[in-house]
Amino acid sequence: MSFNLRLEYLNELGVFKWEIWKKEVSKFPWTYDSQETCYFLEGDVLVTPDGGEPVQMGKDDLVIFPAGMSCTW
């Protein structure tokens, strides 16, 4: 995907108007009550779905977490 198309898509989603969530280095369990879309501005994280394999994500990744997903961040 070209940079311009990606930027256009992020603008359509309103990503740059979303609240920014910051978290210090930590490990914690999380369950999504509803679908959540995240765009990573910086950093790297490892998310392990319950019963699944760890997935690394970070800067410039757009990720959709489905409702009902339980994981460890």
Write out all pairs satisfying side-chain hydrogen bond (donor to acceptor under 3.5 Å, both in side chains) with one or both partners inside residues 36-47, taking only residues at least two apart or from two chains.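 Applying side-chain hydrogen bond (donor to acceptor under 3.5 Å, both in side chains) to every pair that reaches into residues 36-47, excluding sequence neighbours, yields Tyr39-Asp60.
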Per the side-chain hydrogen bond (donor to acceptor under 3.5 Å, both in side chains) rule, what does the pair list look like for residues 61-73, sequence neighbours excluded? Thr31-Ser70, Tyr32-Trp73
Start with the C-alpha gap between Leu13 and Leu62, add the side-chain angles, then the distance that decides, and say whether side-chain contact (heavy atoms from CB on, under 4.5 Å) holds. CA-CA 11 Å; Leu13 291 175; Leu62 181 70; 3.8 Å; yes
According to a hydrophobic-cluster definition based on side-chain heavy atoms being under 4.5 Å apart (Ile, Leu, Val, Met, Phe, Trp, Tyr only), do Leu41 and Val45 belong together? no
Same apolar cluster: Ile20 and Val63, side chain cutoff 4.5 Å: no
Which distance, rounded to the nearest 0.5 Å, do you find between the [atom1] of [X] and the [atom2] of [Y]?
| X | Y | atom1 | atom2 | value |
| --- | --- | --- | --- | --- |
| Trp21 | Cys38 | CH2 | SG | 8.5 Å |
| Met69 | Asp33 | CE | CG | 13.5 Å |
| Phe16 | Leu10 | CZ | CG | 5.0 Å |

Closest heavy-atom contact between Glu53 and Pro49?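 Looking at all heavy atoms of both residues, the shortest contact is O-CD, 3.3 Å.
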What one should report as the nearest heavy-atom pair of Ala67 and Gln35 is CB-N, 3.6 Å
Trp30 CH2: over 12 foreign heavy atoms closer than 6.0 Å: no
Other cluster members, Ile64 - Ile/Leu/Val/Met/Phe/Trp/Tyr, side-chain contacts below 4.5 Å: none
